[in-house]
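Report on the following structure.
Throughout, a chain's letter reflects where its sequence line sits, starting with A, and its residues are numbered from 1. From a predicted model like this one, the values you see are computed outputs, not experimental measurements.
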Amino acid sequence: MQPIISISGVTKTYATGFTALKEINLDIRRGEIFALLGPNGAGKTTLISIVCGIVNRSSGTVTVDGHDINRDYRAARSLIGLVPQELTIDAFESVWATVNYSRGLFGKPADKAFVEKVLRDLSLWDKKDAKAITLSGGMKRRLMIAKALSHEPRILFLDEPTAGVDVELRQDMWAMVRRLREDGVTIILTTHYIEEAEAMADRVGVINRGEIVLVEDKAELMRKLGRKRLILELRSPLDAIPDAFSHYALELSPDGGQLTYTYDNQSERPGVASLIRELEAAGIHFRDMDTENSSLEEIFVNLVRKQA
Amino acid sequence: MNFHAVWAIYRMEMARAFRTMLQSIVSPVISTSLYFVVFGSAIGSRITEIDGISYGAFIVPGLIMLTLLTQSISNASFAIYFPKFVGSIYELLSAPVSYLEIVLAYVGAAATKSIVLGLIILATAALFVPLRIEHPVWMLAFLVLTAVTFSLFGFIIGIWAKSFEQLQLVPLLIVTPLTFLGGSFYSINMLPDIWRTVTLFNPVVYLVSGFRWSFYGTSDVPVAISLGMTVVFLLICIAIVAWIFRTGYRLRN
């Protein structure tokens with residue numbers, strides 16, 4: 001199936017000479033929840049801003065549902081709702097006026113019933129006549145979301161949606177994201193909270209220093225998460241793994257001095273004990289052993305550190 | 001054409017004017033009335049007629065132009081600068097609207113406000129001095145043309161400005177002096193020759209002169225030149241706005 005967003009060869013160098021993005025290639029699948037992870041300053045917001053038309057890119061192409069974001073910007077942009085990281089609202093407008101304004105701005109005819117539904121869903125209906133400036137931080141965040149949803153987007157960008165947000169709003173927000181996904185809306189969220197990506201996303205991408213360093217199904221990552229590795233430092237190097245051990249998921253280091261066994265530590269019989277017994281019986285001795293967990297956090301930190 | 005968007009922006013901008021009624025409408029009316037009291041009554045009583053028109057009536061077109069220029073610039077520059085300042089411009093930039101639609105909505109709203117204001121001041125003036133308008137259609141044409149041109153000019157300033165200080169800079173340092181020296185309160189024929197020549201480089205002279213002609217049928221410079229100069233300035237502003245949007249200058253960079 002054609003990806004709903006296709007980013008290819010996108011770079012961004014600011015006038016100051018700072019390169020925010022280097023050759024980004026990324027496809028977002030229709031209807032998925034995609035989490036873009038990365039440390040501060042990695043380029044997450046710049047990338048989103050380019051796709052949404054807020055920032056001009058230096059090179060590359062972006063298509064949204066097949067529409068080029070420059071040539072066919074109307075079609076591309078009307079599909080997208082954006083909730084930016086900063087709470088930036090015209091402070092003196094009422095909730096009702098500002099949400100209706102957003103709907104109009106995106107070319108949709110007025111629909112009071114729909115706007116009312118959006119406000120009710122976000123527990124904002126009671127505040128509809130309040131000026132934005134009088135709202136609490138959490139309510140302002142809800143208002144930003146309401147503005148983004150007011151024009152019935154097919155793609156929703158949430159830039160750091162839960163930064164500084166209380167537990168109740170966070171739960172409401174995730175419930176909303178799931179509901180939207182059931183309606184077929186594609187959701188792209190950026191975060192530096194790894195648990196958030198783990199809890200919500202179908203796929204995870206990691207961006208660091210303007211480069212995408214990993215894109216993977218979350219299920220695959222979770223599989224890795226639930227995995228443990230047993231590392232055996234061998235007394236004498238092996239040329240190859242003996243056939244008798246082919247039913248174990250073993251890997252031999254290039255120099256033959258290290259054997260790595262990856263196993264599922266959730267299983268009843270992880271096979272560690274039997275492997276060690278069988279190795280001893282086969283005359284393969286080791287002088288040290290170590291086990292390690294792989295977590296998304298660890299993968300993330302390693303990827304980020306490797307680049308530094 | 002995204003008419004819903006143009007309408008949404010226009011309506012939002014007009015709503016802002018009504019919300020700040022005191023600042024947008026009452027204060028210009030008060031300051032104009034003060035001009036009438038000071039220039040028209042106090043000083044004007046000692047000035048003889050100019051071109052056969054009483055001094056109080058003579059300054060009316062200039063006063064309206066003064067308000068029209070400053071209000072068009074401040075309305076339009078603030079309207080686009082403020083979302084830039086608070087960051088809410090992200091929404092406008094991410095919306096499926098063309099540059100033409102953005103300009104149409106913002107400049108349209110700013111021009112509407114200053115035209116309404118100009119008409120209110122005209123009505124206020126009628127309370128102080130006997131007025132006559134010889135060419136009402138041309139009067140309206142000059143009013144609309146000037147409001148649109150200077151709203152565009154304000155829009156450019158609003159995009160260019162990086163701070164509130166810069167936002168005030170152009171109106172304060174350039175526009176206000178030009179307006180005062182543009183023959184609002186006197187006929188440039190009253191000036192010594194050399195100053196008269198210098199004054200002809202001031203574009204505001206042409207606006208005031210043309211506008212005054214539509215009232216009293218007399219002018220410092222030929223009307224066709226007034227009209228031509230205004231249109232030239234309008235075209236320059238349109239060209240700059242087109243360039244801003246083509247390059248994303250201070251908006252998408």
Side-chain angles (χ1 to χ4, degrees), chain A residues 12-16 45 48-58 64 67 69-70 72-94 97-111 131-133 144 147-148 150-151 153 157 159, chain B residues 1-24 78-106 108-109 158-160 162 243-253:
Chain A
K12 175 66 190 178
T13 304
Y14 283 98
T16 55
T45 301
I48 288 185
S49 299
I50 286 174
V51 175
C52 294
I54 298 167
V55 171
N56 287 335
R57 62 198 180 279
S58 303
V64 175
H67 307 290
I69 58 162
N70 281 97
D72 221 353
Y73 68 94
R74 271 188 214 275
R77 289 186 202 164
S78 47
L79 293 170
I80 298 176
L82 166 65
V83 183
Q85 189 175 344
E86 307 286 335
L87 296 171
T88 50
I89 319 174
D90 191 344
F92 306 108
E93 295 299 334
S94 73
T98 192
V99 176
N100 277 290
Y101 166 78
S102 298
R103 185 176 168 87
L105 197 58
F106 279 76
K108 286 278 178 5
D111 184 342
K131 286 197 192 318
I133 198 169
M144 302 286 285
K147 279 165 79 71
S150 67
H151 60 93
F157 281 96
D159 196 359
Chain B
M1 194 77 167
N2 185 347
F3 286 108
H4 291 297
V6 175
W7 180 236
I9 298 172
Y10 185 84
R11 223 175 52 166
M12 195 69 143
E13 282 302 306
M14 293 311 284
R16 192 161 60 82
F18 285 113
R19 208 171 44 227
T20 55
M21 187 83 97
L22 204 67
Q23 184 204 329
S24 335
F78 187 78
I80 193 73
Y81 178 76
F82 190 66
K84 243 177 53 171
F85 177 71
V86 299
S88 57
I89 191 131
Y90 82 88
E91 196 178 24
L92 188 64
L93 297 178
S94 67
V97 291
S98 70
Y99 298 136
L100 180 69
E101 288 153 4
I102 294 176
V103 172
L104 214 59
Y106 275 105
I159 286 176
W160 164 80
K162 280 183 174 170
W243 174 83
I244 284 173
F245 282 134
R246 209 180 52 244
T247 58
Y249 173 77
R250 294 208 175 159
L251 281 179
R252 286 196 161 94
N253 282 318

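Neither the backbone nor the side chain of A/S49 comes within contact range of chain B; no heavy atoms are under 4.5 Å apart. Both the backbone and the side chain of B/L92 come within contact range of chain A, judged by heavy atoms closer than 4.5 Å. With a 4.5 angstrom heavy-atom cutoff, B/F82 touches chain A only via side-chain atoms. Proximity to chain A (any heavy atom under 4.5 Å) is restricted, for B/R19, to the side chain, taken from C-beta onward.
For chain A, the option among B/A105, B/A95, B/P83, B/S88 with the highest count of heavy-atom pairs below 4.5 Å is B/A95.
Here the side chain of A/S58 pairs a donor or acceptor atom with the backbone of A/T13 at under 3.5 angstrom.
Within the 4.5 Å cutoff, the side chain of B/I9 has heavy atoms near those of the A/Y101 side chain. Contact annotation: the side chain of A/M144 approaches that of A/P84 to within less than 4.5 Å [non-hydrogen atoms, C-beta and beyond].
Within 6.0 Å of OH in B/Y99 there are more than 12 heavy atoms belonging to other residues, nucleotides or ligands. The 12-atom threshold is not exceeded at CZ of B/R11, counting heavy atoms of other residues, nucleotides or ligands nearer than 6.0 Å.
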